Q: 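What follows is a structure written as C-alpha cells; I'll ask about it next.
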Amino acid sequence: MGERPRRTMYYIDGSTVRKVEQAPSRKSNNEVHKKSSNKQTQQRRVSEKAQNALAFNMGYTIFVTAAVLIMVFACIAVLYMESRISLQQANINELETQLEVIEEENAAYKLSLENMYTLDEIYDVATNELGMVYAEKGQIVYYESADEDYVKQYQDVPEAN
C-alpha cells in the first residue's frame, strides 16, 4: 500500500490563522489515554503553581516588611549623620576662621611689642630709673651643673678665688 498524503489543517488562534501539519498515525487507545492524563497532570501542576504564586504567605510578608523598615531606618540614619557632619564641618570652618583672625592679631601685637622699645631705651631705663649697673669682673661665677634645665640655690654661692 502506498503512503497516505498528508493533510494540512488550519486553526484560528486569536486573530491569526496558523497552519498545522499532521502526520497520519494510528495510535492505540492506551497511548491516547496516557497523553491526555499527562496533559491533565501538567495542567494541574500549572494551576497549583499559579495558586501558590498568588497565595498569601505571612512569613514572607513579615520578612519583606522588616527588610523595608530596616532599609528606611538605615536611610534616615545616613541622612541624619550627613546633616550632623555638614553642621560640624561648618562649625570647624567658622572656628578656623576665628583662629586665623586671632593668630593675625597675635602676630600684630607681638610685632608692636618687639618694636615698642629699643635696646638703648631699655638700657637707659635700667641704669637711670632703676639704678642697675653692668656686672664687673669677678662678680660673675661660672660653674658646671649635671642638670642643665634649671638650678635651685640652697645656700649662698661661694666667693671666687
Side-chain angles (χ1 to χ4, degrees), residues 6-23 25 27-126 129-130 132 135 140-155 157:
R6 290 189 170 179
R7 286 187 279 165
T8 304
M9 298 179 69
Y10 295 95
Y11 70 93
I12 297 174
D13 181 19
S15 62
T16 307
V17 177
R18 302 191 187 274
K19 181 178 179 181
V20 177
E21 290 187 21
Q22 286 184 335
S25 65
K27 296 179 184 176
S28 67
N29 283 340
N30 193 17
E31 289 177 2
V32 171
H33 181 65
K34 282 183 183 177
K35 281 193 177 183
S36 66
S37 67
N38 282 343
K39 281 186 180 181
Q40 288 175 354
T41 55
Q42 286 177 348
Q43 288 175 349
R44 192 172 352 113
R45 286 182 190 160
V46 169
S47 66
E48 286 176 3
K49 284 184 181 180
Q51 286 177 354
N52 288 341
L54 295 174
F56 181 75
N57 189 346
M58 186 60 119
Y60 180 73
T61 304
I62 291 172
F63 172 74
V64 169
T65 304
V68 168
L69 288 176
I70 289 171
M71 289 302 294
V72 167
F73 286 129
C75 290
I76 290 171
V78 167
L79 291 174
Y80 175 74
M81 294 305 282
E82 284 182 358
S83 68
R84 293 274 308 207
I85 289 171
S86 64
L87 286 174
Q88 287 180 350
Q89 188 64 36
N91 190 21
I92 288 171
N93 291 339
E94 181 181 331
L95 291 174
E96 285 177 345
T97 305
Q98 289 177 1
L99 178 64
E100 288 176 6
V101 168
I102 290 171
E103 285 177 344
E104 288 174 1
E105 289 175 356
N106 191 24
Y109 286 135
K110 185 177 180 181
L111 185 63
S112 67
L113 284 174
E114 288 174 356
N115 294 331
M116 186 178 286
Y117 299 107
T118 63
L119 290 177
D120 292 334
E121 291 174 334
I122 293 172
Y123 178 77
D124 185 45
V125 168
E129 293 179 19
L130 300 175
M132 299 175 102
I140 300 174
V141 177
Y142 295 99
Y143 66 96
E144 291 185 24
S145 173
D147 188 12
E148 297 179 11
D149 289 345
Y150 62 94
V151 174
K152 284 188 179 180
Q153 182 177 346
Y154 295 109
Q155 56 185 343
V157 179

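As the structure is a computational prediction, the values presented were derived from the model and not from experiment. We're numbering straight along the sequence, starting at 1.
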Q: Would you call E82 and L79 a side-chain contact if the rule is heavy atoms closer than 4.5 Å?
A: yes
Q: Do any pairs count as a side-chain hydrogen bond (donor to acceptor under 3.5 Å, both in side chains) and have a residue in residues 112-126, sequence neighbours left out, and if so which ones?
A: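 Qualifying pairs: D124-N128.
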Q: Quick one: pull up OH in Y60 and OG1 in T65 and give me the separation to the nearest 0.5 Å.
A: 10.0 Å
Q: side-chain hydrogen bond (donor to acceptor under 3.5 Å, both in side chains): which pairs involve residues 102-111, sequence neighbours left out?
A: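 Pairs touching residues 102-111 that pass the test: none.
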Q: For the CD1 atom of I85 and the CD1 atom of I92, what is their distance to the nearest 0.5 Å?
A: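 It is 10.0 Å, given to the nearest 0.5 Å.
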Q: Just jot down the ring-ring contact (aromatic ring centres under 6.0 Å, His included) partners of F63, sequence neighbours excluded, or say none.
A: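 F63 satisfies ring-ring contact (aromatic ring centres under 6.0 Å, His included) with no residue once adjacent residues are dropped.
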Q: Please report the interatomic distance CD(Q40) to CD(Q42), rounded to the nearest 0.5 Å.
A: 11.0 Å
Q: Please round to the nearest 0.5 Å and tell me the distance separating atom CD1 of I102 and atom CG of L95.
A: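 With rounding to 0.5 Å, CD1 (I102) is 9.5 Å from CG (L95).
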Q: To the closest 0.5 Å, what do you measure between CD (Q89) and CG (L87)?
A: 11.0 Å
Q: If you count the non-hydrogen atoms of other residues, nucleotides and ligands that lie under 6.0 Å from CG in L119, is the total more than 12?
A: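 Open: at most 12 neighbouring heavy atoms sit under 6.0 Å from CG of L119.
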Q: For the residue pair T97 and N93, what are the closest heavy atoms and their distance?
A: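 That would be OG1-O, 2.8 Å.
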Q: Could you measure the distance from the CD atom of E96 to the CG atom of N91? Nearest 0.5 Å is fine.
A: 10.0 Å
